[in-house]
Chemist: 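My structure is below; once you've seen it, I'll send some questions.
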Protein chains: 2
Amino acid sequence: MSEEMQWPTRAAKAAAKRAAREAAREAARALREEVRRAVPEPPWWSAPRRGGRQAPLTRDAIVDAAVRLLDRGEGLDSLSMRRLGEELGTGPGSLYWHVRNKEELLDLVFDRLIGEQLPLPAPKPARWQQQVKDIARRALDVLFERPYIAEISIGRFPVGPNALEWTEGVLAILRAGGVPDREAAWGVHLLTTYFTAFAFETQTGLKTPEGEARPEEILERIHAHFHALPRERFPNIADLADELTRGDMDERFEFGLDAILAGLAAAASAARAPRKRPRRG
Amino acid sequence: MSEEMQWPTRAAKAAAKRAAREAAREAARALREEVRRAVPEPPWWSAPRRGGRQAPLTRDAIVDAAVRLLDRGEGLDSLSMRRLGEELGTGPGSLYWHVRNKEELLDLVFDRLIGEQLPLPAPKPARWQQQVKDIARRALDVLFERPYIAEISIGRFPVGPNALEWTEGVLAILRAGGVPDREAAWGVHLLTTYFTAFAFETQTGLKTPEGEARPEEILERIHAHFHALPRERFPNIADLADELTRGDMDERFEFGLDAILAGLAAAASAARAPRKRPRRG
DNA sequence: ACCTGAACACCGTTCAAGT
DNA sequence: ACCTGAACACCGTTCAAGT
């Protein structure tokens, strides 16, 4: 059994980026705090209302704060209506004037992040496959950078304005490449499902009774378990223990992505070719 | 815009099956209750301890009750440690002697269902692709029948005994078909990820602020929204509104499944063919 | 060894009352 | 119109105490 662990690459980069962002935010906060201490406000100014909310409570401010909370914490659980209220200097009840419920808040957070993080190139028909690959890789980067997005995204039909813009763009690229309507529509969903589920399973994922372990550690333990399995009963798992629990995530992602693209490309060339099957109707 | 709604088929079948199961269980419960009423136990027997737990509290009994609870309710939220305690005639605390925490309980429930619901055929190398398709379709059926399974499965590396048996079987089929090791290992994950995510997105899925609507209704509303979009800005979404929100789920599932299989088949035939690329190492 | 009861530290949501 | 405070109906988990 070869012993190198080639897991992280992308994950490591994402973690570094996350750490950097957190550090920057921390620095800014410290600075603000120091200024406040050094240069006091005139005492006849009215003090900011309880808890230190400066800005008025608006839907945007709420979404801002929610993203802040999520970026700071780990996982979707870091965001609760109560903590969000606290972050904004109120109680949880106040939020319900601006937002119907938590589900709607998550819709808003999701759409905000799509808008900020997922710009789209204009369609270049000649290289549509490459463009789709780039889009998918970019999406995966974002999903690794903020693991909670996958948790929000999964099982949510993205219909916010930014999501629509993105969907529109991907559809444009696929159709420009000659993918027929039905397959283009299905393809967009297939793609989003794929990179979301992939990110979820490799990053956020790996729900486990042991709580806090990082995904790599969990996989390492599973790997050991696979090796300890009785070989007569589990010859294939024993043989493939390495491949099942390790492997470069980028290559692995590419494997599925290529399959999807091949499927779309096949549909495109079938549509171009003279039809052999009679049409119904 | 053609107006037939061809959505349900599989979903409808699954719902019917679910209803039938529930009815059967209800009948059994009623019968038991009637017998109990008609033929009283001798009064010198000690009464069953509080709440009516008959069987001793064991890990198996707990998993049984959890599945019962999930089958009866809607979605994963129907299962809470408190309700589970109630179902078994105790408090939630008692469960923690047998089960480390809720996450472990879900591991157990998941493995139980895999064992009960997912039998595997012996590999027949000649028709491995057909076998894989059958396996995937069977899995999708199960996932539609009990929507909560997808919620449990997603992000969980299946390592229970039954899951291992299943994985072992699928690996055997893929390798018998000539799929090389790496692609076989990745392929199993790709497949499970695919049908889990697919089921999650189409059944359980569609998290939405409006709470209780059935998936079909939600999709219908989204469809209307897409049609109402400004056509100059969203020409593609407007064109494809039908294909984006409707369509036969089986065909759609097949589309992705075929892509995955084509990818695996390509890897298999590449392995058989004389190698053109030099090997590293 | 196994179970109980009560407590702890949380949730999302509602709603009368305030401004 | 917007926000507050308190309450409601829940969570998962822990742990001393009991048998």
Side-chain angles (χ1 to χ4, degrees), chain A residues 46-63 65-66 69-70 72-109 148 151-152 156 207-212, chain B residues 46-63 65-66 69-70 72-109 148 151-152 156 207-212:
Chain A
S46 69
R49 297 293 203 92
R50 73 192 56 249
R53 168 151 49 91
Q54 287 98 347
L57 210 52
T58 62
R59 209 172 71 162
D60 271 0
I62 290 173
V63 174
L69 226 45
L70 286 165
R72 199 187 304 153
E74 349 227 321
L76 239 194
D77 289 348
S78 322
L79 176 62
S80 79
M81 298 306 268
R82 304 180 109 87
R83 272 204 271 236
L84 186 52
E86 210 181 336
E87 173 83 10
L88 290 158
T90 8
S94 309
L95 307 171
Y96 285 79
W97 181 262
H98 301 274
V99 134
R100 184 201 304 235
N101 52 26
K102 196 178 179 183
E103 216 61 61
E104 185 174 296
L105 174 64
L106 291 177
D107 270 3
L108 292 166
V109 167
Y148 61 87
E151 248 173 303
I152 298 180
R156 201 172 293 271
K207 286 166 190 162
T208 184
E210 279 88 0
E212 287 316 296
Chain B
S46 69
R49 297 295 202 90
R50 72 191 57 250
R53 168 151 47 90
Q54 287 100 346
L57 211 53
T58 63
R59 209 173 69 164
D60 272 359
I62 290 173
V63 174
L69 226 46
L70 286 165
R72 199 186 306 154
E74 346 229 321
L76 240 193
D77 289 348
S78 323
L79 176 62
S80 80
M81 298 306 267
R82 304 179 110 87
R83 272 204 271 237
L84 186 51
E86 210 182 333
E87 172 84 9
L88 290 158
T90 7
S94 310
L95 308 170
Y96 285 80
W97 180 263
H98 302 274
V99 135
R100 187 201 302 237
N101 52 27
K102 194 177 179 181
E103 216 60 62
E104 186 175 294
L105 174 63
L106 291 177
D107 269 3
L108 292 166
V109 166
Y148 61 86
E151 248 174 303
I152 298 180
R156 202 172 293 271
K207 286 166 191 160
T208 183
E210 280 89 358
E212 288 316 297

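Hydrogens, waters and symmetry mates play no part in the numbers below; they use all other heavy atoms, side chains included. In what follows, every chain begins at residue 1, and chains take the letters A, B, ... in the order their sequences are listed.
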Chemist: I need the A/Leu57 CG to A/Trp97 CH2 distance, nearest 0.5 Å.
Modeler: 12.0 Å
Chemist: Whole angstroms only, please: what is the CG-P distance between B/Leu95 and D/dC15?
Modeler: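 Value for this atom pair: 17 Å.
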Chemist: Over how many whole Å does the gap from B/Glu103 atom CD to D/dT13 atom C1' extend?
Modeler: 13 Å
Chemist: Side chain of A/Trp97: nearest nucleotide among D/dC2, C/dT13, D/dT14?
Modeler: D/dC2
Chemist: Which nucleotide, C/dC3, D/dA1, D/dT13, lies nearest any side-chain atom of B/Asn101?
Modeler: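 The answer is D/dT13, which lies nearest to the side chain.
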Chemist: If you round to the nearest 0.5 Å, how far is NZ of A/Lys102 from CG of A/Leu105?
Modeler: 8.0 Å
Chemist: In whole angstrom, what separates A/Glu104's CD from C/dG12's C1'?
Modeler: 15 Å
Chemist: Output yes when a side-chain donor or acceptor of A/Arg59 lies under 3.5 Å from a complementary backbone atom of A/Val99, and no otherwise.
Modeler: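 No, because the side chain of A/Arg59 does not come within donor-acceptor range (under 3.5 Å) of the backbone of A/Val99.
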Chemist: Using a 3.5 Å limit on both pairing distances, list the dot-bracket string of DNA chain C from the 5' end; Watson-Crick and G-U wobble pairs count, crossing pairs take [ ], interstrand pairs take |.
Modeler: ||.|||||...|||||.||
Chemist: Report the residue (A/Arg100 or A/Asp77) whose heavy-atom-nearest nucleotide on DNA chain C is the more 5′ of the two.
Modeler: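 This one resolves to A/Asp77.
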Chemist: Measure the spacing between CD of A/Glu87 and CG of A/Leu69 and express it to the nearest 0.5 Å.
Modeler: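 Between atom CD of A/Glu87 and atom CG of A/Leu69 there are 5.5 Å.
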Chemist: For the side chain of A/Pro92, counting heavy atoms from C-beta on, which of D/dC11, C/dA1, C/dT13 is nearest?
Modeler: C/dT13
Chemist: Respond yes when some side-chain nitrogen or oxygen of B/His98 is under 4.0 Å from OP1 or OP2 of C/dA1, and no when none is.
Modeler: no
Chemist: Expressed in angstrom and rounded to an integer, what is the separation of A/Glu86 atom CD from C/dC10 atom C1'?
Modeler: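 These atoms are roughly 12 Å apart.
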Chemist: Pick the C1' atom in C/dC15 and in D/dC3, then give their distance to the nearest Å.
Modeler: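 These two C1' atoms come out 12 Å apart once rounded.
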Chemist: Which of these nucleotides, D/dC3, D/dC11, D/dT13, is closest to any side-chain atom of A/Ser94?
Modeler: D/dC3
Chemist: Between CZ of A/Arg83 and CG of A/Leu70, what distance do you get to the nearest 0.5 Å?
Modeler: 10.0 Å
Chemist: From A/Arg82 CZ over to A/Leu95 CG, what is the distance, rounded to the nearest 0.5 angstrom?
Modeler: 11.0 Å
Chemist: Just call it for A/Gly93: base, sugar-phosphate, or nothing, with non-hydrogen atoms closer than 4.0 Å on any strand.
Modeler: base
Chemist: Out of curiosity, B/Glu103 CD to B/Ile152 CD1, how far, rounded to the nearest 0.5 Å?
Modeler: 10.0 Å
Chemist: Check every atom of D/dG12, D/dC3, C/dT13 against the side chain of B/Arg82 and return the nucleotide holding the closest atom.
Modeler: D/dG12
Chemist: How long is the line joining CG of B/Leu76 and P of C/dC11, in whole Å?
Modeler: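 Value for this atom pair: 20 Å.
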Chemist: Could you walk me through whether A/Ile62 and A/Leu108 satisfy the side chain to side chain contact (heavy atoms under 4.5 Å, CB included) test, starting with their C-alpha distance in whole Å, then the side-chain angles of each, then the deciding distance to 0.1 Å, before giving a yes or no?
Modeler: CA-CA 10 Å; A/Ile62 290 173; A/Leu108 292 166; over 6 Å; no
Chemist: Does A/Arg83 reach a base, just sugar-phosphate, or nothing at all? Heavy atoms under 4.0 Å.
Modeler: sugar-phosphate
Chemist: Would you tell me if any nitrogen or oxygen in the side chain of A/Ser80 comes within less than 4.0 Å of OP1 or OP2 on C/dG12?
Modeler: yes
Chemist: To the nearest Å, how far apart are A/Lys102 NZ and C/dG12 P?
Modeler: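 Rounded to the whole Å, the gap is 4 Å.
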Chemist: Closest to the A/Tyr96 side chain: C/dC3, C/dT13, D/dT14?
Modeler: C/dT13
Chemist: Can you tell me the distance, in whole Å, between the CG atom of A/Leu79 and the P atom of C/dC11?
Modeler: 10 Å
Chemist: Rounded to whole angstroms, how far apart are CG on B/Leu84 and C1' on D/dC11?
Modeler: 14 Å
